Amino acid sequence: VTLKYENPLGEQIKKDDVIEAQIGSTYVAESIEKVVGPNGNKWMYNTNSKNSIKVSEDESKNIIYLMYEEQKASVTFRYQDEYGTRLKAPSRKLVQIGTTYIPQFEHIIEDDQNKVWEYKSRDLENIEVKDVDQDNIITLVYAPLKVDVTLKIVDKQGNTIVDDLTAKA
């Protein structure tokens with residue numbers, strides 16, 4: 001009997017196991033609850049997989065496909081200003097354990113007081129997603145968003161009284 005370990009796309013995640021069994025008997029595979037794939041990704045056994053067969057003389061019929069799904073952990077994004085003050089509630093994303101996560105985040109955010117902030121740090125690194133959620137925290141540092149505001153001073157007819165004034169706000 002050949003045991004094949006596959007992900008939902010039918011890709012092999014672990015080397016096949018070959019087990020000897022009596023022809024005519026029912027073979028029930030002992031599934032491995034968690035499997036680490038060749039690239040370090042972690043997989044959990046899908047309990048809906050069919051894990052038994054009636055053993056046949058024809059070896060091509062003696063295959064059990066054990067299906068595995070991604071084992072995931074939370075990656076948490078913390079939003080703060082350059083002094084460490086929290087700007088808004090953290091957000092979370094589920095990512096497969098063992099993968100390298102390339103952070104994707106908002107460059108412009110609105111905080112809990114409706115103020116607008118712009119991402120400041122430029123040295124954000126990818127992270128290896130670990131089993132423990134506390135090891136998967138990304139802190140994003142923001143600065144107040146400054147835009148140019150032009151002040152035009154005109155009379156009732158629209159004639160300029162003073163040259164335009166521009167300020168950062």
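In this text the structure is predicted, and so the values were computed from the model without any measurement.
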Problem - Residues forming a side chain to side chain contact (heavy atoms under 4.5 Å, CB included) with Val36, sequence neighbours excluded - result: Lys42
Practice task
Under the side chain to side chain contact (heavy atoms under 4.5 Å, CB included) rule, collect the residues that match up with Val132, sequence neighbours excluded.
Solution key: Gln134, Asp135
Heavy-atom side-chain proximity of [X] to [Y] below 4.5 angstrom:
X      : Y      : value
Ile153 : Thr160 : no
Trp117 : Pro144 : yes
Pro103 : Ile127 : no
Asn62  : Ile53  : yes

Problem - For Asn7, side chain to side chain donor-acceptor pair (under 3.5 Å) partners two or more places apart - result: Glu11
Donor-acceptor pair between [X] and [Y] side chains, under 3.5 angstrom:
X      : Y      : value
Gln80  : Thr85  : no
Tyr101 : Asn136 : no
Ser60  : Asp58  : yes

Separation of [Y] [atom2] from [X] [atom1] (nearest 0.5 Å):
X      : Y      : atom1 : atom2 : result
Glu69  : Thr47  : CD    : OG1   : 8.0 Å
Asp111 : Ile109 : CG    : CD1   : 7.0 Å
Thr100 : Glu125 : OG1   : CD    : 12.0 Å
Tyr65  : Tyr5   : OH    : OH    : 14.0 Å
Asp163 : Leu151 : CG    : CG    : 11.5 Å
Thr2   : Ile63  : OG1   : CD1   : 5.5 Å

Minimum heavy-atom distance between [X] and [Y], given as atom pair plus value:
X     : Y      : value
Gln71 : Asp131 : NE2-OD2, 4.3 Å
Gly98 : Asn41  : O-OD1, 3.5 Å
Lys4  : Asp16  : NZ-OD2, 2.8 Å

For atom [atom1] of [X], decide whether the heavy atoms of other residues, nucleotides or ligands shown that lie under 6.0 angstrom number more than 12.
X      : atom1 : answer
Ile108 : CD1   : yes
Glu59  : CD    : no
Asn159 : CG    : yes

Practice task
Indicate yes or no for a side-chain donor-acceptor contact from Ser49 to the backbone of Met67 under 3.5 Å, with no hydrogens or angles considered.
Solution key: yes
Following the transitive rule for hydrophobic clusters with a side-chain heavy-atom cut-off under 4.5 Å over Ile, Leu, Val, Met, Phe, Trp and Tyr, establish whether [X] and [Y] coincide in one cluster.
X      : Y      : value
Val35  : Met44  : no
Ile32  : Ile13  : yes
Leu87  : Ile138 : yes
Val116 : Val141 : no
Phe105 : Val75  : yes

Handout entry: Test log, rule side-chain contact (heavy atoms from CB on, under 4.5 Å), inputs Val1 and Val55
Key = CA-CA 7 Å; Val1 176; Val55 180; 4.0 Å; yes
Problem - Candidate pair Val154 and Gln157, rule side-chain contact (heavy atoms from CB on, under 4.5 Å), full reasoning - result: CA-CA 8 Å; Val154 295; Gln157 290 75 35; over 6 Å; no
Handout entry: Step-by-step side-chain contact (heavy atoms from CB on, under 4.5 Å) determination, Ser74 to Leu94
Key = CA-CA 5 Å; Ser74 286; Leu94 286 176; 3.8 Å; yes
Problem - ring pair (Phe, Tyr, Trp, His ring centres under 6.0 Å): pairs with one or both residues in residues 37-56, sequence neighbours excluded - result: Tyr45-Tyr68
Practice task
Hey, could you give me each pair passing ring pair (Phe, Tyr, Trp, His ring centres under 6.0 Å) that has a residue in residues 10-38? Not counting sequence neighbours.
Solution key: none
Handout entry: Note: Lys72-Glu70 ion pair, threshold 4.0 Å (strictly below)
Key = yes
Problem - Any pair counted as salt bridge (charged side-chain N to carboxylate O under 4.0 Å, His left out), so long as it reaches residues 73-89, sequence neighbours left out - result: Glu82-Lys120, Arg86-Asp112, Lys88-Glu106
Exercise for the section: Could you give me the CA-CA distance, side-chain angles and deciding distance for Tyr119 and Tyr142, then say whether ring-ring contact (aromatic ring centres under 6.0 Å, His included) is met? Expected result: CA-CA 4 Å; Tyr119 179 67; Tyr142 290 81; 5.7 Å; yes
